[in-house]
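Reading through the C-alpha cells given below for one structure.
Both backbone and side-chain heavy atoms feed into the values below; hydrogens, waters and symmetry mates do not. Reminder, nothing fancy here: chain letters follow the sequence lines and each chain counts from 1.
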2 protein chains.
Amino acid sequence: MTTPPGPGPETPDRDPARRATIADVARAAGVSPSTASVVFSGKAPVAEATRQRVMAAAAELGYTGPDPRAASLRRGRSGIVAVVLEEHLRTAFLDPVKTAMMDGLTDGVATLGAGVLLLRDDADAGSDAPTLATAPVDAVVLIGCSGRMRTALDIVRSRGLPVVVIEGDAGDEVPRIELDNREAAGQLARHLQGLGHERVATVTLPFDVERRRGDVDEDRIAQGTVEVTRERLDGVREVFPDVRVVASSGSFIDEGVLAGRLLFAGGGTRPTAVIAQSDLLAAGVIRAAEEHGLRVPEDVSVTGFDGIRVDGLGSHVLTTAVQPAVEKGRAAGDAVARMLAGERAASIRFTCVFREGTTSGPAPTKTADDAPVDRRGVGDP
Amino acid sequence: MTTPPGPGPETPDRDPARRATIADVARAAGVSPSTASVVFSGKAPVAEATRQRVMAAAAELGYTGPDPRAASLRRGRSGIVAVVLEEHLRTAFLDPVKTAMMDGLTDGVATLGAGVLLLRDDADAGSDAPTLATAPVDAVVLIGCSGRMRTALDIVRSRGLPVVVIEGDAGDEVPRIELDNREAAGQLARHLQGLGHERVATVTLPFDVERRRGDVDEDRIAQGTVEVTRERLDGVREVFPDVRVVASSGSFIDEGVLAGRLLFAGGGTRPTAVIAQSDLLAAGVIRAAEEHGLRVPEDVSVTGFDGIRVDGLGSHVLTTAVQPAVEKGRAAGDAVARMLAGERAASIRFTCVFREGTTSGPAPTKTADDAPVDRRGVGDP
DNA sequence: TTGTAAGCGTTATCAC
DNA sequence: GTGATAACGCTTACAA
C-alpha cells in the first residue's frame, strides 16, 4: 500500500526533495543495500549485470556515492589528518621550509588515503571553528614546539588520536620527526672556525612564544621553549662558546636585516662571521651587511640553515646546512599511516648536508681592534 | 539484570576497551543521553547540578566530548570546507597572492565554524586520497580556472554542495569572487602610455593548462582557458593593440627572468616598457633587464600586478595594481557561510588600486631604430 | 554472488 | 529541565 503502482521504478516511494540514499538506489535497482554498497566500495566482487543495474539506478536518482559522513561514522575513519600550525597560515606558508614539509606531508598522508585539514593551535574557545577537540580527524601532526603545543597534545591524547610531532618534543610516547640540528650547526661553526673566524655572532630563530628580538642573555636561553633554536645554538656554542646571540622574531629576510643592522651598525666590535639559523635570516643579514658597505664574504662571512632557494640573494650561494624538508613531511605522513594501521611508529632523525657556498670565506686579517670600515658610513651620525 | 550491582558507577556495564560514548556517560551520571548531549552542546538549559554530574561522569570515563563523525552525520554538517587548488601545494603556497587569499579564507570560514581541507584538482582515481567526490565537506571553494575546474565543478554540483569560485567562471549559478583585471591592467597600460611608451611588451600568466612559455600567437590567445590571463591582456591591448605577448608558465620570479631574457636579449627591437601580469614576474623581468645592463626605469619601465611584497627587488618599488587578496579570501568564506545558511550569495567584484612605484618612468628618447645599448654586452656573441 | 540485520554515536523532536 | 525515541546513511559480519 505504501508503494503506489507507478509506471516503474522511476516513481520510488520517497520524498523527492530528499537526497537519494544508497537504500533508495538499492531499491530502485532491485538489490539489497549491501550489494549496492559493495558496488560503490568495490570491496567485494559483484556480477557485472548487477553492477550495471545499480549504476543505472544511481544515475537515475542522481546518487553520486555514499555520504562521506555516514561512511566515516560507520568505518570509524574520516580520512582526514589534522595539521596543527603554530601561527597564522600566511606566516606559516611564508616559510619555504614549512611549505616543502607540507608538501611531503600531503604526499605522505595521501598514500594512506587521507587529506590534510589545516588547524591553528590558538583557534580556541572564542570562535566555534573546528578545533583539535572537535574536528573529525583520524590523526594529528603537530608542527613546531611552542608552549601551546602542550595543550594541543593533551587534547589529542585525551581523544586517543595518533599523533606525530615534527620538530618538537612531546615525550617518548610520541613519535617525532627531527633533524640533527646540533650537529649540522656545529659543522657550520667548525667550517667558519677553519676559516679563521673568531669574532662570531649568531642570529637565532625565536626562543619562545614571545619572540622578542635582539641580544639574548643566558636566562632567556635557559628558559627558551623552542627546541630547534636551542639545538642549533648549542651546536654553535660547542665551537664558539662566547658567540654573540641575537634573536629574531621569526624566519624572515626582514628579520635578518634587523638583526644584521644590530650587528653591523652597533658601535661595538663587529663580527667577522654570522651564523644565521635559517637561510631567510642569512639573506637578511647579507643585505644588512651590504647596506653597511661590508662585502660578503670578504669582510663578513654569513651562513644559513635549511638549503632552500632564496630569492633576492643576487649571485650569492649561501653556505648552509641543507635539510630534507619534503622528506620530513613525507615521513610524518608515513608515520601517521603506520600508527593508523596499528603499528608503532618510530621517531626518525634526519640528517642535514653541509653545503659550502660563496658566502663564507677566510676571516679578514685584523687591522685594528675594530671591524672593517663602513664604506658608506651608514651607521654614523 | 544487565547491570550487576557493582560498587558504584565506576563499574559500568560496558567493554572497558571501547571508548566511552555519550550513552555511557549518561548512564554513569544517571541521566538520559539527550540530557548528556545537551550538556556538551549547550543547546538547551540544564540544571547546574545535572551538568556537574554529567561532567564528573565524563571525566571519570575519560569521555572528551561527542564523536565528531557521529555528530556530523546527525547534524548533516562536517564543519569542513574544501579548497581546491589547481596545483601542487608547494606551488600554490609559493604564490604570495594565494597565500594571502588562503589566509582570508580561513578567517572567513572560521566565522562559520569551519576548517579548511586542502584538495588538489588532480587528486583522482589513482590514489584513494579523499577527493572532491568523497571528502566529508560542507562546501567547496574553487581557486583558479584551469580546465580541470570543470570536472571539479561537476562533482561538486552533483553532490549538491555549495560552491564559490575565486578567479574563474563557473556559470551564472555559481557566485564568484573576482577582480577588475581588465580595468586595472588598462590603467597600468595608460600609465605607461602617458609616459610616452610605444614599444611595449607584456609577460603573461599561463594561458592554459599546458603552460607553454614564450611568444604567443592569436590562436593561442583565443583558445586560452585562463580568465585572468586573458582579462589582464585585454586591458593592455585596449591601449596597446600590438603589444608583444610573451607567456610564462607560472607566477614566479624565475619565469619573469626567462621571459625578460627573451625580450631583452633577442635581436629584435627591445621594448621600452614591460607589463608583467604579476609582481613576481615583474621582479624577474627587472632582474633580466639588469642582467642585460638595462636600467629600470631609465632604459625600460616594468609594471607588475598584485601589490604584494616581493623580496629581492632591491630598492625598487614596483609600479603595480594592488589587489585585495586577503579580502578576496574572506569574501569567499563569507559567501560560503551565507550559502550554508540557505541564503543566496552574490558574486563580488573587487577593485585593484593603482600604485605608482619607481619602476616606471618616461620612455627613453629614441636614438636609433634600436633599443638602448646593452652596456654589458651579455646578449652579444 | 547476494541478502539480512545489527549497529556506528549522535542529536532533534516531542512529550512529560 | 529532563527523558524516550527515532532517525542520520552507511558498512560488514554472517547467513543463504
Those residues of residues 67-77 of chain A lying under 4.0 Å from DNA chain D by at least one heavy atom: A:Asp67, A:Ala70, A:Ala71, A:Arg74
Which heavy-atom pair separates B:Arg159 from B:Thr134 by the least distance, and what is that distance? NH1-N, 3.7 Å
Under the rule for side-chain hydrogen bond (donor to acceptor under 3.5 Å, both in side chains), what residues qualify as partners of A:Arg74, not counting sequence neighbours? none
Rounded to the nearest 0.5 Å, what separation is found between the CG atom of A:Leu61 and the CD1 atom of A:Ile22? 11.5 Å
Write out a two-atom table: protein N or O, nucleotide N or O from nucleotides 14-16 of chain D, distance below 3.5 Å.
none

Set of residues satisfying side-chain hydrogen bond (donor to acceptor under 3.5 Å, both in side chains) with respect to A:Glu178, sequence neighbours excluded: A:Arg176
Taking B:Ser78 for the side chain and B:Pro136 for the main chain, is one N or O donor matched with an acceptor at less than 3.5 Å? yes
Could you list the donor-acceptor pairs under 3.5 angstrom formed between side-chain atoms of residues 28-35 of chain B and any protein atom two or more places apart in sequence or on another chain?
residue	atom	partner	partner atom	Å
B:Ser32	OG	B:Ser34	N	3.4
B:Ser32	OG	B:Ser34	OG	2.9
B:Ser32	OG	B:Thr35	N	3.3
B:Ser32	OG	B:Thr35	OG1	3.1

Taking the nucleotide of DNA chain D with the nearest heavy atom to each, does A:Gly65 or B:Ala47 sit closer to the 5' end? B:Ala47
Can you list every ring-ring contact (aromatic ring centres under 6.0 Å, His included) pair that touches residues 21-40 of chain B, not counting sequence neighbours? B:Phe40-B:Tyr63
Has B:Asp138 got a side-chain atom pairing as donor or acceptor with B:Val81's backbone, closer than 3.5 angstrom? no
side-chain hydrogen bond (donor to acceptor under 3.5 Å, both in side chains) against A:Arg77, all qualifying residues, sequence neighbours excluded: none
For the student: nearest non-hydrogen atoms of A:Leu117 and B:Gly115, plus distance: CD1-C, 3.9 Å
Applying side-chain hydrogen bond (donor to acceptor under 3.5 Å, both in side chains), can you list everything that pairs with A:Glu48, at least two apart in sequence or on another chain? A:Arg51, A:Gln52
Reading DNA chain C 5' to 3', which nucleotide is the first, and which the last, to come under 4.0 Å of any heavy atom in chain A? C:dT1 to C:dG9
Positions of residues 34-44 of chain A (non-hydrogen atom under 4.0 Å from DNA chain C), listed by number: A:Ser34, A:Thr35
Tell me every residue that passes salt bridge (Lys or Arg N to Asp or Glu O under 4.0 Å) with B:Arg330, counting only those two or more places apart in sequence or in another chain. B:Asp107
Check B:Leu142, B:Ile143, B:Leu119, B:Val141 against B:Leu85 for a side chain to side chain contact (heavy atoms under 4.5 Å, CB included) and give me the one that passes. B:Ile143
Rounded to 10°, the angle between the first-five-pair and last-five-pair axes of the helix from C:dT1-D:dA16 to C:dC16-D:dG1 is 20°
